[in-house]
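Lettering follows sequence order; numbering is per chain, from 1.
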Amino acid sequence: MKNSEIAKIFSEIADLLELKGENQYKIRAYKKAAQVIESYPIPIEQLYKEGKLQQIPGVGESIAAKIVEILRTGKLRYYEKLKAEFPPGITSLLEIPGVGPKTALSLWKELGITSIEDLERLIEEKKTAVLFRLGEKTAANIIKHVQSQRRKEQRILLGKALPIAERIVEALREVPGVHDLIPVGSLRRFKETVGDIDIMATADEPEKVLDVFVHLPGIQEVLAHGGTKASVIVEEGVQVDLRVVEKDSFGSLIQYFTGSKEHNIALRERGLKQGLKLSEYGITDLKTGKLEKFPTEEEFYERLGLQWIPPELREARGEIERAALRNIPKLVELKDLRGDLHVHTKWSDGQDTIEAMALAAKERGYEYIAIADHSAGRGIARGLGVERLKKQIEEIKRLNQRLSGIKILAGIEVDIRADGTLDLPDEILQELDVVVAAIHSAMSQDKEKMTKRIIAALEHPLVNILAHPTCRIIGEREEIDVDLEEIMRVAARTGTALEINSMPDRLDLRDIYVSRARELGVKLSINTDAHAVHHLDYIRFGVGVARRGWCEPKDIINTWPLEALEDFFRKKRALLR
DNA sequence: GCCGTTTTCGGCCCGACTGTTTTCAGTCG
């Protein structure tokens, strides 16, 4: 059973306990367990087999026993019993903003409402007016929220949100008297999707900045416009909030608004143990009651005895403990990258020539770039067979003689066929500098078959990188069903790198798997899979994922000098031949 | 239900907003 499925059960239990009016700390315990399990990089089933369930933070005796029951029987009696106490569907009411457990319960008990549709109908018939604390305004708000939730797509890709934020920040920078200007929230943490865009600023005249903001080109609707905060919807359909705040507490404010929520909770719990109360306004000493303000985040963390924590790590996944030990890793940065090892050209489905891609790479400060067009198996992508690949290798040789300051590596993105064999013969593959292998077909194979298939590719001495290992497309295609732990172990053993694909809708491997791979000693490669020159700039999203996975330059093969990289590839051939 | 720089028992994050059966409960981020 998948981690997400187990997490869902505990999250439902938390909702049901809320309706029951149970102890709020018990509810929180279930919520926390669900949240941790949802983003846990190791399959819960595996931890169960190893008897290590309680090593998951937030999972104690009771929840561990429930996980065991779920995995053994496929069911949980406690959950079934709880569900039977309420009509099915009632927890869906909790998804409506403004409706919590108390409201949901009275909607059901007083009016028999058990679904969002019921609720809408009865509000329109004005039958909810009899309820305690549910007047006209609340009813109107519920209708508004339900309708707007139906209309808008919930979260948008980071790759779409970041350019919007940058565009706005750039425009506001021109306003006289503006000092700080920084996007916060999940955007600053480089989370793969974001809900809305939140920007914080300090300025001499806040009204002036907000005034410019609501009149920027591309603003579709102004939702609110006050003296310190304004909210708009931009033409891309995303909500953008701008807050202009006090300079002397800017540090604690951006810390608070950057999140994550879980990170902030963990931080405040730690503060309490030190007799300190944390909030967005600063830190209050509980003994003296005095509030201390912090202009910078560094000072804020320092007051707690912590090293500053990069936003990408702020997910309550052990970063606070590491910061206390002053042992936060020196995360990989964009400037550490020396090349891109997976790009396409006109030879298959790319838009630009080899030369154009190479020059663009040079412009970005790279030392090398690997051309990895599709192999013939991909009919739709005008894939390369043996003869055309030979010609391409010749072309690359000629270009390398002509161009200076950039080394073009001859490569291929070879298809891993359904049976695990590669789409091109070894004789031609060994003529290449680098071989990237990938799954593009038969993605619905069962777990056992898929795992064997990928392992066969990893064990091939000529395969250097596994591209987009889970094949997911965010919001569109689920991950393939595969034993990732096993894949990672084989990748580590054979010296095969796993790719962090930087395409905004892929970001594959995703952050939590990157973190696990790194723990297991797997090397990673941050590539763009660029199909045009401008795609090379997507690399920063891949870097964000690597940072969220706690990677340092040594973990990322394309931060290495060319000789070290070639050495890495040679070693695998020698090892497995 | 979880957990331990004060704890194996007794705590458990913080502040703001909103509607309102008006002194605050309920909800949210």
With heavy atoms under 4.0 Å as the rule, sort [X] into base, sugar-phosphate or nothing.
X: A/N141; answer: sugar-phosphate
X: A/I96; answer: sugar-phosphate
X: A/E136; answer: sugar-phosphate
X: A/F257; answer: nothing
X: A/K66; answer: sugar-phosphate
X: A/I265; answer: base
X: A/I27; answer: nothing
X: A/Q24; answer: nothing

For the residue pair [X] and [Y], confirm or rule out a side-chain donor-acceptor distance under 3.5 Å.
X: A/D241; Y: A/Q239; result: yes
X: A/N264; Y: A/Q255; result: yes
X: A/E479; Y: A/Y513; result: yes
X: A/S62; Y: A/K66; result: yes

What is the separation between atom [atom1] on [X] and atom [atom2] on [N], rounded to the nearest whole Å?
X: A/L19; N: B/dT27; atom1: CG; atom2: C1'; answer: 14 Å
X: A/D241; N: B/dC28; atom1: CG; atom2: C1'; answer: 14 Å
X: A/K137; N: B/dC17; atom1: NZ; atom2: P; answer: 15 Å
X: A/K144; N: B/dT18; atom1: NZ; atom2: P; answer: 10 Å
X: A/E61; N: B/dG1; atom1: CD; atom2: C1'; answer: 11 Å
X: A/E22; N: B/dG1; atom1: CD; atom2: C1'; answer: 10 Å
X: A/R270; N: B/dG11; atom1: CZ; atom2: C1'; answer: 18 Å
X: A/D198; N: B/dC28; atom1: CG; atom2: C1'; answer: 14 Å

Contact nearer the 5' end of DNA chain B, comparing A/K273 with A/A104:
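Result of the comparison: A/K273.
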Residue mapping more 5' on DNA chain B - nearest nucleotide basis, A/G98 or A/L276
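This one resolves to A/L276.
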Among [options], which nucleotide has an atom closest to any side-chain atom of [X]?
X: A/K102; options: B/dG15, B/dG1, B/dT27; result: B/dT27
X: A/K261; options: B/dA16, B/dG29, B/dC12; result: B/dG29
X: A/P101; options: B/dA16, B/dC2, B/dT27; result: B/dT27
X: A/R28; options: B/dA16, B/dC12, B/dC2; result: B/dC12

Quick one: are [X] and [Y] in side-chain contact, heavy atoms under 4.5 Å?
X: A/V214; Y: A/I219; answer: no
X: A/E333; Y: A/R547; answer: yes
X: A/V240; Y: A/S231; answer: no

Identify which one of A/E319, A/E315, A/E312, A/E192 satisfies the salt bridge (Lys or Arg N to Asp or Glu O under 4.0 Å) criterion when paired with A/R548.
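Between A/R548 and the candidates, salt bridge (Lys or Arg N to Asp or Glu O under 4.0 Å) is satisfied uniquely by A/E315.
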Separation of the [atom1] atoms in [N] and [M], to the nearest angstrom:
N: B/dT7; M: B/dC2; atom1: C1'; value: 13 Å
N: B/dG11; M: B/dT6; atom1: P; value: 15 Å
N: B/dG1; M: B/dT5; atom1: P; value: 23 Å
N: B/dC17; M: B/dC12; atom1: C1'; value: 24 Å
N: B/dC14; M: B/dC9; atom1: P; value: 25 Å
N: B/dG29; M: B/dT22; atom1: P; value: 27 Å
N: B/dG15; M: B/dT21; atom1: C1'; value: 26 Å
N: B/dG10; M: B/dA16; atom1: C1'; value: 29 Å

Any [X] side-chain N or O less than 4.0 Å from OP1/OP2 of [N]:
X: A/Y256; N: B/dA16; value: no
X: A/K277; N: B/dG15; value: yes
X: A/Y25; N: B/dG1; value: no
X: A/T138; N: B/dG19; value: no

Strand partner of B/dT8, provided both Watson-Crick or wobble distances fall under 3.5 Å
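Its partner is none (no Watson-Crick or G-U wobble pair with both distances under 3.5 Å).
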